[in-house]
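A quick write-up on the structure given underneath.
Convention: sequence-line order gives letters A, B, ...; per-chain numbering from 1.
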Amino acid sequence: MPWQQDITPYKVWISEIMLQQTQVSTAIPYFLKFIKRFPDIDTLADASEDEVLSYWSGLGYYTRARNILKSAQAIKIEFKSNLPKSIEELVTLPGIGRSTAGAIRSIGYGLKAPILDGNVKRVLSRYFKIEEDLNKSSIQKELWLLSEKVLPKSNFNVYTQAIMDLGALVCKRKNPDCASCPQNKYCLANKYNLTESIPLKQNKKEKPLKNLYWLVAIDQKGRFALQQKERNGVWQGLWTFLEFEEIELREHYYKNFMEESALISRDKLKIKHSFSHYNLDIDSLILKFDSNFSKKVGNNQMWFDKNDLKSLGTPAPVTKIIEKVI
DNA sequence: TATACGTGGTT
DNA sequence: TAACCAAGTAT
């Protein structure tokens with residue numbers, strides 16, 4: 001993996017954040033581009049939030065990117081541009097929890113620290129046959145104690161990477177390869193044939209459906225109007241098309257601020273988008289104009305072209321529409 | 001303690 | 001196709 005070449009605490013940090021709830025294959029190209037543009041903490045600390053978000057566009061959980069920038073700025077000032085080594089100091093940085101702190105300390109600095117990410121949780125819960133809900137606080141506490149207890153006496157960086165890799169490649173969620181596991185003789189889940197039922201699966205609840213109405217205004221030079229999302233809900237700080245919660249509001253806006261005489265085409269585009277906690281139907285009105293028209297846009301709205309996208313963040317559906325219709 | 005927070009790949 | 005993930009943290 002690219003983050004395992006010329007390992008530094010900085011690269012461990014960035015990769016750990018990118019890999020949170022994210023597939024390895026998805027994170028790789030993002031990591032390579034990010035490290036090329038922001039090779040060290042000072043470069044990152046001096047960047048704008050818009051640009052950092054542009055390098056995160058499509059990766060999701062954008063709070064991670066905003067927190068990486070905030071943390072870089074704090075590290076520059078409070079820790080002389082070096083990631084701290086202690087868990088206590090690391091977890092003061094936004095976006096770094098106990099497990100990521102443990103990974104930075106052990107893999108990045110080679111010092112003793114337990115971690116408890118999804119892979120390690122799965123390995124430990126099977127090895128020690130923990131059949132309860134792993135999210136219960138009492139079980140979380142037990143798992144942290146076990147993670148600490150099984151640490152070796154040395155080679156903490158090798159050990160931490162190894163137990164994560166064991167979870168990712170051998171002790172997989174589905175169809176674990178117990179035959180090739182170096183710990184299979186001691187694993188209680190293997191002994192009692194419980195690898196399918198451990199860890200316990202969550203019962204998930206139904207996702208609500210929300211609707212959103214976008215107005216995609218494009219001029220003859222291929223420029224398009226975007227507005228920046230507020231500091232609440234999903235996609236905070238990212239740029240979307242002009243957004244309305246009711247179709248009537250979009251019609252009203254269109255009739256009042258767009259000059260119909262300049263209109264070339266008027267198309268509809270529907271996109272179904274799925275979040276982890278709700279589904280979203282996006283109804284987009286695509287308007288193309290042949291010349292300058294009324295460009296009265298609101299406070300947080302601006303006109304951009306494709307070249308501007310490297311300096312601002314856009315959520316996946318916006319990126320898709322730009323690629324498709326502009 | 002439960003919920004918010006994204007996305008693309010796999011089945 | 002809809003469901004189900006995949007290296008968590010913040011509130």
Next on the checklist: Using only modelled atom types and a 3.5 angstrom limit, is any donor from either the side chain of A:Thr26 or the base of B:dG9 paired with an acceptor on the other?
Outcome noted: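 Counting by modelled atom types and ignoring angles, no donor-acceptor contact under 3.5 Å is found here.
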
Given [options], identify the nucleotide with an atom nearest to the side chain of [X].
X        : options              : answer
A:Lys205 : C:dA7, C:dG8, B:dT3  : B:dT3
A:Glu16  : B:dG6, C:dA6, C:dA7  : C:dA7
A:Ser99  : B:dG6, C:dG8, B:dC5  : C:dG8
A:Lys320 : B:dC5, B:dG8, C:dG8  : B:dG8
A:Trp235 : C:dA7, C:dG8, B:dT7  : B:dT7
A:Thr100 : C:dG8, B:dT7, C:dA10 : C:dG8
A:Gln23  : C:dA7, C:dA6, B:dT7  : C:dA6
A:Asp117 : B:dC5, C:dA7, B:dT7  : C:dA7
A:Trp3   : C:dA10, C:dA7, B:dG6 : C:dA7

Checklist entry - A:Ile17 near the nucleic acid: base, sugar-phosphate alone, or nothing, with a heavy-atom cut-off under 4.0 Å? => result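 Touches nothing.
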
Checklist entry - Counting any heavy atom closer than 4.0 Å, what does A:Ser15 reach on the DNA or RNA strands: base, sugar-phosphate only, or nothing? => result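 It contacts nothing in the nucleic acid.
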
Checklist entry - Is a side-chain donor-acceptor pair under 3.5 Å present for A:Thr100 with A:Gln20? => result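 Yes, a side-chain donor-acceptor pair sits under 3.5 Å.
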
Checklist entry - Side chains of A:Ser54 and A:Ser311: is there a donor and an acceptor less than 3.5 Å apart? => result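 No, no side-chain donor-acceptor contact under 3.5 Å.
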
Next on the checklist: On a heavy-atom basis, which atom in A:His277 and which in A:Pro208 lie closest, and how many Å separate them?
Outcome noted: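 Scanning both residues completely, I find the closest heavy atoms to be O-CD, 3.4 Å.
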
Checklist entry - On the ring face of A:Phe31, is A:Lys33 found with NZ or CZ under 6.0 Å from the centre and within 45° of the axis? => result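 Geometry flag: not set, cation outside 6.0 Å or 45°.
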
Item to check | B:dT11 versus C:dA7 - spacing of their P atoms, nearest Å | outcome: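 Pairwise P distance, B:dT11 against C:dA7, rounds to 15 Å.
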
